[in-house]
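Report on one structure; see the data block that follows.
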Amino acid sequence: MTSRLLVLLALVAAVLADDVPEYEDSDFDQKVGSHETVLVMFYAPWCGHCKRLKPEFEKAGPILKANDPPVILAKVDCTSSGKDTCGRFSVSGYPTLKIFKGGELSADYNGPREANGIVKYMRSQVGPASKELSSVDVAEAFLAAPEVSVVFFGEESKLKEAFLKAADKLRESVRFGHSVASAVNEKYGHNNAVVLFRPKRLENKFEPSSVVYDGAEDKAAIEAFIKKNYHGLVGHRTTDTAQDFSSPLVVGYYSVDYIKNAKGTNYWRNRILKVAKNFDEFNFAISDKDDFQHELNEYGLDFVSGDKPVICVRNLKGQKFVMKEDFSMDNFESFLTKLRAGEVEPYIKSEPVPTQDGPVTVAVAKNFEEVVTNSEKDVLVEFYAPWCGHCKKLAPTFDELGEKMKEEDVAVVKMDATANDVPPDYNVRGFPTLYWKPKGSAPVPYEGGRELDDFIKYIAREATSELKGWDRKGKPKKTEL
């Protein structure tokens, strides 16, 4: 029994190896040159990012190999058999992905790193933007794909011209097909029409499986129609499509897997759908809880156990809400009804409100409005991270600035942005990030120097009321004896 299992595993490994072959220095040029389009992953065996990408790459390999026209996915080990090749193509980090066409380097790959995203992106790199559906068999095969497809049915027309322009614009993210064959048009019952077809795995009884465009013969209008309807009432939100979903957004996080457990995935999605259809003021999605653990952490959820979805919401103000009750359709509907009525308290990640005993006021999420947003003083606020070296270097200067501003109508404030929610008006992408918040006005990024004199001159110039100790140019005022 064991020997048979080993043979089976060996066969599976061989199949995967055929679908995503390993190229070496000795045969790289010959093998790349034997295919029209090749996506090569240059990697190192010890690289963690490479290990995460490899299974996604291997899932995409056989799908793209069977594409018309085919796209070959291949790997090169930069630490051994492909070392010279990696040097030739200036590979300096791992994994690096590059697209080759006709044996020549065409472009760096800057697309998604998840299997479905890789497939979509690479399909867009080969052949026309829209595939011609020349027969019923071709059309049926095209529409059997496990993803959204948009098809034009009809003859030459202004609508077809606009459709093809939209297809060229959106080819990296959407599959397009077109038919001028009467047999195909009759089969699907459309003429001079653009139709969006949802894949079979996402079909449900709460929304139509296809949507017909009824707008103008205009590229932008067709693009808008596709974007509006692409994900349906409750979309499958992945790491590569997350940017498609806008607030107010309701997400059900659970074990979403359309490859290994489509039935179980749709069991919960259908229950979310049944409730979602009555709340059109929200956008809805399902996401795999393992892929989005970082988001769950933002809602204070370190670990999600069980099969039931966990419901989290982000509104237009950036506020976060968590349904605390176990998922059921009744609980879900009640939660959304209260949320719509403004009866649910937002979740705020915050440290406890501290006792203020230093020259710099310490802000946390729970007291931010008090010490910054609604302060009766102008505020210079620093968002920092405890581990940040630049923040540690700035700390004594900031303390000294706090002492200097004690008698002024200015507050010097700091907040640990890793332990507290940062309000949406503050765009914190690195540490330290500083903002100047004039009283009664919107915050603006502080982009001046980081020395004490730099801060004083900036505050003296920008303060709502002139400082007591410095003039508007930042020069100390003379003290009368």
Side-chain angles (χ1 to χ4, degrees), residues 247-249 294-302 312-322 324 339 342-388 390-448 450 455 458-459 462-465 467:
S247 297
L249 180 63
H294 62 289
E295 284 189 358
L296 290 167
N297 291 344
E298 292 178 15
Y299 291 91
L301 301 169
D302 295 327
C312 301
V313 183
R314 191 182 292 268
N315 68 11
L316 286 170
K317 296 179 181 178
Q319 293 175 305
K320 297 176 291 186
F321 304 85
V322 180
K324 296 177 181 177
L339 186 63
E343 297 172 359
V344 181
E345 285 291 318
Y347 167 77
I348 300 175
K349 181 173 76 171
S350 178
E351 295 176 294
V353 176
T355 301
Q356 307 293 348
D357 58 1
V360 175
T361 301
V362 178
V364 297
K366 287 180 179 178
N367 74 346
F368 194 88
E369 284 201 0
E370 177 190 345
V371 301
V372 179
T373 308
N374 299 327
S375 175
E376 294 181 356
K377 296 183 176 184
D378 296 333
V379 181
L380 180 67
V381 56
E382 176 205 3
F383 298 94
Y384 73 94
W387 43 259
C388 162
H390 294 295
C391 304
K392 292 175 182 176
K393 184 178 178 182
L394 178 61
T397 302
F398 223 57
D399 285 344
E400 192 174 352
L401 179 65
E403 290 284 358
K404 296 283 186 183
M405 293 294 128
K406 265 188 174 180
E407 304 302 320
E408 302 290 351
D409 199 21
V410 175
V412 180
V413 178
K414 64 181 179 180
M415 185 169 93
D416 180 352
T418 68
N420 298 275
D421 279 338
V422 176
D425 288 344
Y426 300 85
N427 185 19
V428 178
R429 294 188 177 275
F431 301 112
T433 292
L434 292 100
Y435 270 83
W436 172 251
K437 170 69 175 65
K439 57 183 174 183
S441 300
V444 293
Y446 172 85
E447 295 174 346
R450 304 277 174 97
F455 287 123
Y458 178 91
I459 293 171
E462 300 294 334
T464 303
S465 302
L467 300 181

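Not counting sequence neighbours, Asn367 has no partner by the side chain to side chain donor-acceptor pair (under 3.5 Å) test.
Side-chain contact between Leu394 and Tyr384 is absent, with no heavy atoms from C-beta onward closer than 4.5 Å. Inter-residue side-chain proximity for Pro432 and Arg450 is flagged as met; some heavy-atom pair is nearer than 4.5 Å. Contact of the Val412 side chain with the Phe455 side chain is not registered, since no non-hydrogen atoms from C-beta on lie closer than 4.5 Å. Counting only heavy atoms from C-beta outward, the side chains of Asp421 and Lys320 approach each other to under 4.5 Å. For the pair Asp409 and Lys439, the minimum side-chain heavy-atom distance is below 4.5 Å. The shortest side-chain heavy-atom distance between Phe398 and Leu434 falls under the 4.5 Å cut-off. Thr373 is not listed as a side-chain neighbour of Asp425, based on a closest heavy-atom distance of 4.5 Å or more. The shortest distance between side-chain heavy atoms of Val381 and Pro443 does not fall below 4.5 Å.
Taken from OG1 in Thr433 to CD in Glu382, the straight-line distance is 9.0 Å, to the nearest 0.5 Å. Rounded to the nearest 0.5 angstrom, Glu403 CD and Met405 CE are separated by 11.5 Å. We find the CG-NZ distance between Leu467 and Lys404 to be 12.5 Å, quoted to the nearest 0.5 Å. Atom OH in Tyr299 sits 13.5 Å away from atom CD1 in Ile348 (nearest 0.5 Å). If you take NZ on Lys437 and NZ on Lys377, they are separated by 14.5 Å, rounding to the nearest 0.5 Å. Considering OH of Tyr435 and CE of Met415, their distance stands at 12.0 Å, rounded to 0.5 Å.
Shown here for Val413 and Ala363, the closest heavy-atom pair between the two residues is CG1-CB, 3.6 Å. The two atoms that bring Val422 and Ala417 nearest to each other are CG2-CB, 3.8 Å, heavy atoms only. Considering all non-hydrogen atoms of both residues, Ala385 and Asp416 come closest at CA-OD1, 4.3 Å. In terms of heavy atoms, Pro352 sits closest to Val364 at O-CG1, 3.7 Å.
Taking the six-membered ring where the residue is Trp, Tyr426 and Phe383 present tilted rings, their angle falling between 30° and 60°.
The local environment of CD in Gln356 is crowded, with over 12 non-hydrogen atoms from other residues, nucleotides or ligands closer than 6.0 Å. The number of heavy-atom neighbours closer than 6.0 Å to NZ of Lys366, taken from other residues, nucleotides and ligands shown, is 12 or below. Heavy-atom contacts from other residues, nucleotides or ligands closer than 6.0 Å to CD of Glu343 number more than 12.
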Quiz item: Taking it one step at a time, do Ser441 and Thr464 satisfy side chain to side chain contact (heavy atoms under 4.5 Å, CB included)?
Solution: CA-CA 10 Å; Ser441 300; Thr464 303; over 6 Å; no
Quiz item: Given Ser247 and Asn315, is the side chain to side chain contact (heavy atoms under 4.5 Å, CB included) satisfied, shown in steps?
Solution: CA-CA 5 Å; Ser247 297; Asn315 68 11; over 6 Å; no
Quiz item: What do the steps show when you test Val379 against Val410 for side chain to side chain contact (heavy atoms under 4.5 Å, CB included), and what is the final call?
Solution: CA-CA 6 Å; Val379 181; Val410 175; over 6 Å; no
Quiz item: Taking it one step at a time, do Val344 and Val313 satisfy side chain to side chain contact (heavy atoms under 4.5 Å, CB included)?
Solution: CA-CA 11 Å; Val344 181; Val313 183; over 6 Å; no
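No donor-acceptor distance shorter than 3.5 angstrom exists from the side chain of Asp378 to the backbone of Trp436, with no hydrogens or angles considered. For the pair Lys414 (side chain) and Val360 (backbone), a donor-acceptor distance under 3.5 Å is absent.
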